[in-house]
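These notes concern the structure reproduced below.
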Amino acid sequence: MNHRIALRGHLGLVFAWVIVVNWGCTKPQDAARSSATSIERNPSRAPVLETRDESRLLHDSATPEPSPPAPSATVELPHGPLQLVDTTERSGVTFRHSHGGSGKNYIVETVSAGLATFDYDGDGWMDLLLLNGAPLRGTSTETPPRHALYRNQGGGKFVDVTERAGLDDRGYGLGVTVADYDNDGDPDVYFNHFGPNALYANNGDGTFSNVTATCGIARGDKVGAGACFLDMDADGDLDLFSANYLDFTYENHVDSIVSGIRYAHPKDYRPVPDDLFRNNGDGTWTDVSEASGLRAVAGMGMGAVCFDYDDDHDADIFVANDVGPNFLYQNDGKGQFVEVAATAGVAFNFSGRANASMGVECGDYDNDGRLDLFVTDYADESAVLYRNLGGGFLEDVSSQARAGIGSYPHVKWGAALADLDNDGDRDLFVANGHILEGMEKIDDRTAYRAPNTLLMNEGNGRFVDVTRQSGTGLAPVESSRGVAFDDLDNDGDLDGVVQNANAPPTLLWNESPEPGNWITLRLCGRTANRDAIGARVRIVGEGFQQVAEVHSGRSYQSHYGQTLHFGLGAHDRLKHVEVRWPGGETETFREVIPNQANVLIEETSPP
Amino acid sequence: MGPLFRFHGNPQVTSPPYGSTPSDIAALSRWRRACVPMLLAVMLSTIACTRSPQESTSIVPSADSAQAKHAGEGAANAKSDKPTPAAIPFTLPATAVATPPAQIQAETEAAAAALCKRFPKSPAALHAAAMLHADLHQTAKAEDLWRKCRALDPDHAGAAIGLATIASGRGDDEAAVQILREALAKNRRSAEMYYYLAMSLAKQGENEEAVRIAQQGLGLFPQSSSLWLLLGENQLRLGRLPDAEESLRKAIDLGARTAGAYHALSNACARQGKTKEAETFRQRFTELQAKQATPAGQWSETVYPGLIRHVAVAALANFGEVYAQQQAPEEAHAILRQAVALDPANPRALSLLATIFYSQKRLADAQTVLRRLIDLEPTNPFHQFNLGNVSSELDDLPAAEAAYLRFIQMNPHSAIGYEALAKFYWKAGAPEQGRLVAEEAIRREATPEGLRLLASICRDLGDDAAAQQAEATAEQLTNASRPASEAP
């Protein structure tokens, strides 16, 4: 932590969005043909809006001029170094999540839903996709809820483009992930539902086509969970991991009463194996769940993330399991997996207990060059921070790092390791909220609606709880689920969105008073998959380095952060940036300039 | 406090009793069992039987109502201080009464309220009720009761630990640490106090201080397996691997044979490169995990009802103990019967019930309960010892002799079994055998009591010289143990 570093002043922080020739939807071959340099930026540091490729957007004719987002909440909190301002009311986001319940308290009602931030239309602004529930048996509604895609218009304003974009899916939303699975230069969307899942291919013109029926990934009535795109066999196209929760159906619903309320417990059901689909490269997929080794075990999957935990240059899969040991599927580099969580040290917590894990976040919290895991879990359990020791081993350091403080009595869901003050280390946001209305009758230490938690990284491997000093964005008390953090206003710091069960989401605008320098990197693969999912990036400056990996799908059933963000603190120069592309080739990019967005294209670094 | 409503661990253990540490449960249980003889004596001398039996709640099978009446008769008979054969022998239930969990919870909460109403000025009663509410995650009620408890007894250790545990469970470990430090400053030292303080410090990331506190506690309570475990875990967190390994091995040796202990020990060994040992401990961990695993698909049907029943039985046993301490044996008896109806194999409830029967001079019933306890815990020597005592008073000589001999077989190096058997032989008209056994007791440990017993037997046998020698030695031992100021 270094909040007293001399900066150029927040308002004077110059932003320059990188201009790449249509990089947002440029096909790899086009990028290769282009004369663009490997690191492209806007030397004029033009205002953000001027960089938007207006021709490709589905504009709302009433698009207002951007204006600084204003806080909507009235709660005054003492100011700390991290300031997240609740801008929901002024954002234009009118979405309200519905779990679709009729009072039966089906277990699926308790776990919905995730969200995604991504730039669906390639205009340089992160858009917002919020998953919704659907009417469950016994619920009738004239207008069934649907997922909602909000286009970011800049200035903190969003407009609902769901129907125009063709993304008005009405499945029961749980997990979502986003990536360019067909390498055509635009992000595609996969929904992991209760019921048939759905894959939407981006048409490149701001619309999507539902390709589920023809591609071979819809699967019965499973209760889905987190999902991730990954290139499991390093063949240059993205495969799909889809976690499953449990074997709930309407027919086997267990109507349990605890302390006068209908209670849903996962142990009334049986675990279900996760699914893995190999991309055939022609728009179709092959179910390789059995052949890949994933079916050797079954758990109650919740959040998932794919990352190279053992540094052997392939994508492994971590699954946070409810009421059971977590899974870590170790990849042999060819798409064959063995479950090794216990050996690696991530199946249980420090005390050897299998928590009821919910979400998982991946990032290097202590800047030692290795990717760590943060796993959220149930009430009365401490969230677990697994520090990566190298050599394929991780250990629970929650106690030493104080990573479990502030959220212990609550059920914890989404989480983000995000450097919110750009000081060079990753802070920790945790979304809280219990599973059902009336839970306080069962445990009076918490409630269905609970405050979220913000922990600031002190830079010494420890966190401090700054929830109460961090602005109006921490004031809403809802039953939160998924979270996503990306730079929504292109000002160089990370903003957030929290999905709240049966309630509107919360938008968190980052107004931290003394943000440090920063850099964002968007990777573009040519031999590797187009989104460079799985690429490992190391930024190196004078006396410091940081690493990050490009992920598709993370936290609690959510997706965000595909554009890598690094806070740099007082450092305004980098020596170089190393990119280890999926498949193993490492490329070094020099003269990468902070405080602007950059795109790094594979095989284009100067020799 | 464990996750009552989402069970993730051992179905047999939902939460530690307040005033004890989680992995000391076994040790605590052993302690309680060890104290049964003492309790028998203490309660016999303190319990006055003046109240009519409490009405049984519906947890108690209706067929037992006659026995509830009988309890009153037994109590009345106890006034004469003569063993009275039960008019209607007590029959232990073979199976647990089938009561829905909601009803069990409601009735146990009602029992807690009744206890507090009956003894509103008793810290023990308020503490027992608070423990139930804490176990049910009704922490506001528990906190209120523990605060009242502390108002009555500012030094009440259980209340301090309870309040600290509530604070910790709410995520406020700073408050927990403050409460426990204040309690320790008042000299309310116990292994549990040190344990919870070290644990709260560890939850705050103060691992060095947690180690220091655990070591401080172990200086006073070196046999506390939980403190050794906590010490080892925090040494492991700090990377002091050989120290951690040593502490964890000690914890396991002292009885903390939990999955968590083996998990930590396996990690400590693995990180030192002791792969073979690490693998051995990992296997043990896996075995214990598998034993604890709850079956999928049965939470509502079996796990949750089991948890509620477990909490209720623990609470009812606590309430029974309080009633007994408050000289209300009929209520104690009735509520312990409720506990046993819910769990006929609960050793603590049965032990307490045996104590109550003994105090009421319902020796045959006490014998019945002790035999059940021996069936349940055949390796617990103190059940044999108690059975020997009760059988002796019942003049059931074969049973008494057999029980004492089994106790001695289990504890061949302890003098108390030999002393008891010697006394038994002497009173049974076999002084020669009594003398031999009394001499065996003295060979193991020469106590004034043992020597006086030997002297009495020798005098009966006409060996006055041996009697005088034994009395003289007893006198010497007594004088040696007196403080200098009391020396004659």
Notebook entry, point to check: Is chain A contacted by the side chain of B:Ala264, its backbone, both, or neither, given a heavy-atom distance below 4.5 Å?
Noted result: neither
Next item on the list: Answer with side chain, backbone, both or neither: which region of A:Phe348 has an atom nearer than 4.5 Å to a non-hydrogen atom of chain B?
Entry: side chain
Notebook entry, point to check: Given a strict heavy-atom distance threshold of 4.5 Å, which part of A:Ser351 is in contact with chain B: side chain, backbone, both, or neither?
Noted result: both
Note to self: Heavy-atom cut-off 4.5 Å, strictly under: side chain, backbone, both or neither for A:Glu440 against chain B?
What the structure shows: neither
Next item on the list: Heavy-atom distances under 4.5 Å only: say whether B:Pro295 touches chain A with side chain, backbone, both or neither.
Entry: backbone
Item checked: B:Glu174 CD: over 12 foreign heavy atoms closer than 6.0 Å -> no
Check: Given a strict heavy-atom distance threshold of 4.5 Å, which part of A:Asp465 is in contact with chain B: side chain, backbone, both, or neither?
Finding: neither
Item checked: Proximity breakdown for A:Pro325 and chain B, heavy-atom pairs closer than 4.5 Å -> neither
Checklist line | Pairs of heavy atoms under 4.5 Å with chain B: top-ranked of A:Val254, A:Asp444, A:Asn252 | finding: A:Asp444
Note to self: For the backbone of A:Tyr365 and the side chain of A:Asp372, can you confirm whether one donor and one acceptor N or O come within less than 3.5 Å of each other?
What the structure shows: yes
Notebook entry, point to check: chain A heavy atoms under 4.5 Å from B:Gln298: which part of the residue, side chain, backbone, both or neither?
Noted result: backbone
Margin query: Does the plane of the ring in A:Phe248 sit parallel, tilted or perpendicular to the ring in A:Tyr250? Use 30° and 60° as the thresholds.
Written below: perpendicular
Check: Measuring heavy-atom distances to chain B, does A:Leu246 have an atom under 4.5 Å in its side chain, in its backbone, in both, or in neither?
Finding: neither
Margin query: Which atoms of B:Ala140 are under 4.5 Å from chain A, going by heavy atoms: the side chain, the backbone, both sets, or neither?
Written below: both
Notebook entry, point to check: Under 3.5 Å, is there a donor-acceptor pair between the side chain of A:Asp396 and the main chain of A:Ser398?
Noted result: yes
Check: With a cut-off of under 6.0 Å to the ring centre and 45° to the axis, is A:Lys222 in cation-pi contact with A:Tyr245?
Finding: no
Note to self: If we define contacts as heavy-atom pairs under 4.5 Å, which of B:Arg282, B:Glu233, B:Glu206, B:Lys141 has the most with chain A?
What the structure shows: B:Glu233
Note to self: Taking the side chain as everything from C-beta on, heavy atoms only, tell me whether B:Arg170 gets closer than 4.5 Å to B:Thr139.
What the structure shows: yes
Notebook entry, point to check: Hey, is CZ on B:Arg257 packed in by over 12 heavy atoms from elsewhere, all under 6.0 Å?
Noted result: yes
Checklist line | chain A contact via B:Ser168 - which portion, at a heavy-atom distance below 4.5 Å | finding: backbone
Note to self: Please check this pair: side chain of A:Arg402 against backbone of B:Gln204, looking for a donor-acceptor N/O pair closer than 3.5 Å.
What the structure shows: yes
Check: With chain A, which of B:Gly169, B:Ala210, B:Gly260, B:Ala102 has the greatest number of heavy-atom pairs at distances under 4.5 Å?
Finding: B:Gly169
Checklist line | Modelled atom types, side-chain donor and acceptor of A:Thr453 and A:Asn432, under 3.5 Å | finding: yes
Next item on the list: Specify which of B:Ala296, B:Gly205, B:Gly297 makes the most heavy-atom pairs with chain A at under 4.5 Å.
Entry: B:Gly297
Notebook entry, point to check: Are any of the side-chain nitrogens in A:Arg449 or A:Glu437 under 4.0 Å away from the carboxylate oxygens of its partner?
Noted result: yes
